[in-house]
Number of protein chains: 2
Amino acid sequence: MANNALLDRSFAACSHPIRRSILERLAQGEMTVGQATRDFGVSKPAISKHLKVLEEAGAIVRVIDGRTHRLQLQERSLDDAYSWLTQQRELWERKLDTVERYLREQREIKPPPKEPK
Amino acid sequence: MANNALLDRSFAACSHPIRRSILERLAQGEMTVGQATRDFGVSKPAISKHLKVLEEAGAIVRVIDGRTHRLQLQERSLDDAYSWLTQQRELWERKLDTVERYLREQREIKPPPKEPK
DNA sequence: GCTATTGTTAACCTTATGGCTAACAATGCG
DNA sequence: CGCATTGTTAGCCATAAGGTTAACAATAGC
């Protein structure tokens with residue numbers, strides 16, 4: 001139950017469709033704030049807030065270039081969220097394997113009765 | 001920018017430390033609502049709400065057993081969130097590879113000047 | 001130096017989130 | 001039956017989230 005605020009923010013960042021769209025778009029290459037505003041059909045302040053959420057989650061960075069801001073995916077963007085999900089899946093699959101092995105061993109020790117009839 | 005409400009809910013479900021703790025705990029094996037309430041130091045209604053969020057995200061299921069509810073991880077729990085992150089990483093890494101290949105090709109076509117002295 | 005462009009900040013509104021207590025429903029057990 | 005146990009629901013509160021418009025700041029270009 002470690003206090004991991006960055007992980008909170010990473011998952012929260014991914015929980016909004018506009019923010020996921022921004023990340024998908026940035027995986028293809030950088031874009032400016034203005035382009036994002038035009039593409040996603042919300043006002044400039046709305047995009048500005050989404051970008052702040054993404055930055056504070058360590059998902060994107062911006063390069064200020066004159067009056068335009070070029071947005072890019074951050075190195076190791078969302079690695080922490082990915083790692084948490086991966087580890088969680090591993091634990092869960094290991095658990096399932098254990099259960100399955102247990103059931104298999106039970107069958108070997110005490111095999112089910114022969115086909116009736 | 002597909003309208004994917006389940007993905008929204010999956011990521012939102014993971015964005016709260018208590019909910020992540022519940023999922024981590026359930027990867028070890030099932031627990032009851034009462035155990036969760038005792039372990040995570042919030043009221044019963046608070047846990048009840050968290051569980052609802054996790055259920056609506058398809059992350060857990062409950063087996064009602066008399067008056068106690070046994071909580072379990074759902075099959076393929078959070079697969080959609082995991083898939084989205086995985087695909088996003090692949091796109092991003094492919095993009096980086098492309099950039100790197102481009103730079104390498106540039107070097108081959110027009111090699112840098114020999115070491116100055 | 002003006003004016004257009006690009007983006008943020010301020011202020012506001014509405015809805016959602018996360019917590020609580022108190023009351024209710026349903027099951028288990030003496 | 002009567003009472004304890006297990007959870008949910010209802011109602012309330014405070015704060016966060018997501019959106020808007022209007023105003024501001026800073027750069028670009030004439």
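Scope of the values below: all heavy atoms of this structure, side chains included, with no hydrogens, waters or symmetry mates. Letters go in sequence order (proteins before strands), and every chain restarts at 1.
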- request: Could you check how far NZ of B:Lys49 sits from C1' of D:dC13, rounded to whole Å?
  value: 10 Å
query: Between A:Val53 and A:Asp65, which has a closest nucleotide on DNA chain D that is more 5'?
result: A:Val53
message: Is there a path of hydrophobic side-chain contacts, each under 4.5 Å between heavy atoms of I/L/V/M/F/W/Y residues, joining B:Ile60 to B:Met31?
response: yes
field: Between C:dG18 (P) and B:Ile47 (CD1): distance, integer Å
entry: 12 Å
query: Can you tell me if A:Arg89 uses its side chain to pair, donor with acceptor, with the backbone of B:Leu78 under 3.5 Å?
result: no
task: May I ask you to verify if any side-chain N or O of B:Thr68 is less than 4.0 angstrom from the OP1 or OP2 atom of D:dT6?
output: no
task: Rounded off to whole Å, could you give me the CG-to-P distance for the B:Leu51 and D:dT6 pair?
output: 16 Å
Tabulate atom names and distances for all N/O pairs under 3.5 angstrom spanning the protein and nucleotides 21-23 of chain C.
none

- prompt: Any donor-acceptor pair under 3.5 Å joining the side chain of B:Arg67 to the base of D:dT6?
  reply: no
task: Tell me whether the OP1 or OP2 atom of C:dG7 has a side-chain N or O from A:Ser48 closer than 4.0 Å.
output: no
message: From CG of B:Leu54 over to P of D:dG7, roughly how many Å is that when rounded to an integer?
response: 16 Å
- prompt: Taking OP1 and OP2 of D:dG19, is either one under 4.0 Å from a side-chain nitrogen or oxygen of A:His50?
  reply: yes
- prompt: Hey, is the side chain of A:His16 poking within less than 4.0 Å of OP1 or OP2 on C:dA16, counting only N and O atoms?
  reply: no
Side chains of A:Leu71 and A:Arg62 in contact at under 4.5 Å (non-hydrogen atoms): yes
field: Interatomic distance, B:Lys52 NZ vs D:dT9 P [rounded to whole Å]
entry: 7 Å
query: Between A:Glu56 and A:Arg9, is the closest basic N to carboxylate O distance under 4.0 Å?
result: no
- prompt: Is the distance from OP1 or OP2 of D:dT8 to the nearest side-chain N or O of B:His69 less than 4.0 Å?
  reply: yes
query: ring-ring contact (aromatic ring centres under 6.0 Å, His included): which pairs involve residues 47-72 of chain A, sequence neighbours left out?
result: A:His16-A:His50
Taking only N/O atoms, report every protein-nucleotides 1-3 of chain D pair under 3.5 Å with atom names and distance.
none

message: In this structure, how many angstroms lie between the P atom of D:dG18 and the CZ atom of A:Phe40, rounded?
response: 15 Å
